[in-house]
There are 2 protein chains.
Amino acid sequence: MKMSQGVEWAVHTLLALAWVDDGKPVPTARLAASHELPPAYLNKQLQSLVKAGLLESLPGARGGFRLARRAGDITLMDVVTAIEGPAPAFQCTEIRRRGMGASAPDSCFRTACAVNASMQRAELAWRQALAAQTLEDVRAEADRHAPAMAGVARQAYGRE
Amino acid sequence: MKMSQGVEWAVHTLLALAWVDDGKPVPTARLAASHELPPAYLNKQLQSLVKAGLLESLPGARGGFRLARRAGDITLMDVVTAIEGPAPAFQCTEIRRRGMGASAPDSCFRTACAVNASMQRAELAWRQALAAQTLEDVRAEADRHAPAMAGVARQAYGRE
DNA sequence: GTGCGAATACTCGGATACCGCGTGTCCGAGTAAGTGAGG
DNA sequence: CCTCACTTACTCGGACACGCGGTATCCGAGTATTCGCAC
């Protein structure tokens, strides 16, 4: 039950791009340097964000990545799904049917597995909590506690 | 972000033990056979449940495992924590301090990382949803939809 | 018949291999910018 | 001076190794049962 490291990188990178805000793309090398991350691996993660429609990539010289939507339209759920994939954390393998379950009447399996249902309810709460928080919200909280960071980010990307 | 298979095994095994209910222990071999699971590996998982105080183990002949508490006092959160460990799924590595963060004033880092805070909020919702559901609740839901399973379980363990 | 002791069979518990997936890296395809010559 | 084609340098994108944690297994320590024997 460990979340991929890429999620943390992705959110921080998206946050930095939200701080820059202008339409100009930022190349992987700068994004990686701004958090001391391995550039090639960060690039791999960013490609997942492009496929998910969170980032736009511009090839060629002066290319790079920029937000594909407004920060308010990107939820943390979007980011987690983009990196981790859409599969639920708890995967029911229907072991209730195996072993002693094989000798139980079919009527026992008309409805979904109760164990799975309980776990999915909890997971739904998690997903809803993630979907309720946008990148804009995260930015607002960061700006409230550390208003200097937005300027630091813009400076790191040569914007001012 | 994939949960260990052992969680599913643990919940189903605890549920089966809740159906048996009498104080007599059930050995690993029977518990494994009742769901067609590898006995040795299931044993490993059950040991985690013993350490967490959810199960009692009785060594020697006619030994085995039995619930250490009432089913109503065992939450799904307890089970997940026992198998997966207490570490949070999202682990903040404070990458905000690295790279461009190093040139930011210390005042930026007085409060917790906003990214981490958001992820932890979502995770808390998940944990609360897990803690709100007890093994007794799962059993009640299973009995409602498949009332025959309790008897099947008792029979599988030679209880009647 | 009864009590005792040793042999026995069964169980948990931790130590030991295996393997898939996340982690990390590299190089090639493609594009925009820059440059120089020609009109 | 302006236009255009070529060169150049830079960027993304996917293909290629590595390492660690979950998966799976085995064997030894310990105990209740059981059997046999002596009284």
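Computed over heavy atoms, backbone and side chain alike; hydrogens, waters and symmetry mates excluded. Reminder, nothing fancy here: chain letters follow the sequence lines and each chain counts from 1.
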Can you give one letter per nucleotide of nucleotides 8-13 of chain D, going 5' to 3': B for a protein heavy atom under 4.0 Å from the base, S for sugar-phosphate only, - for none? --BSBB
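- Side-chain contact check for L55(B) versus L46(B): some heavy-atom pair is nearer than 4.5 Å.
- The CG atom of L49(B) sits 13 Å away from the P atom of dG14(C) (whole-angstrom rounding).
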Can you check each nucleotide of nucleotides 16-27 of chain C against protein heavy atoms at under 4.0 Å and return B for base, S for sugar-phosphate only, - for none, in 5' to 3' order? -------BBBB-
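- Scanning for salt bridge (Lys or Arg N to Asp or Glu O under 4.0 Å) contacts around R97(B) gives E94(B), with sequence neighbours left out.
- Here the side chain of E8(B) pairs no donor or acceptor atom with the backbone of F90(A) at under 3.5 angstrom.
- Regarding K24(A), its NZ atom lies at a distance of 13 Å from the C1' atom of dA33(C), rounded to whole Å.
- Partners of D137(B) according to the salt bridge (Lys or Arg N to Asp or Glu O under 4.0 Å) rule, which considers only residues two or more places apart in sequence or in another chain, do not exist here.
- Between the CD1 atom of I95(A) and the C1' atom of dT23(D) there is a distance of 15 Å, rounded to whole Å.
- By the salt bridge (Lys or Arg N to Asp or Glu O under 4.0 Å) test, D21(A) pairs with R70(A), sequence neighbours left out.
- Taking the side chain as every heavy atom from C-beta outward, M119(B) and M3(A) approach each other to under 4.5 Å.
- The nearest pair of heavy atoms linking T134(A) to G72(A) is CG2-O, 3.3 Å.
- Residues in residues 22-80 of chain B take part in these ring-ring contact (aromatic ring centres under 6.0 Å, His included) pairs, two or more places apart or across chains: W9(B)-Y41(B), H12(B)-H35(B).
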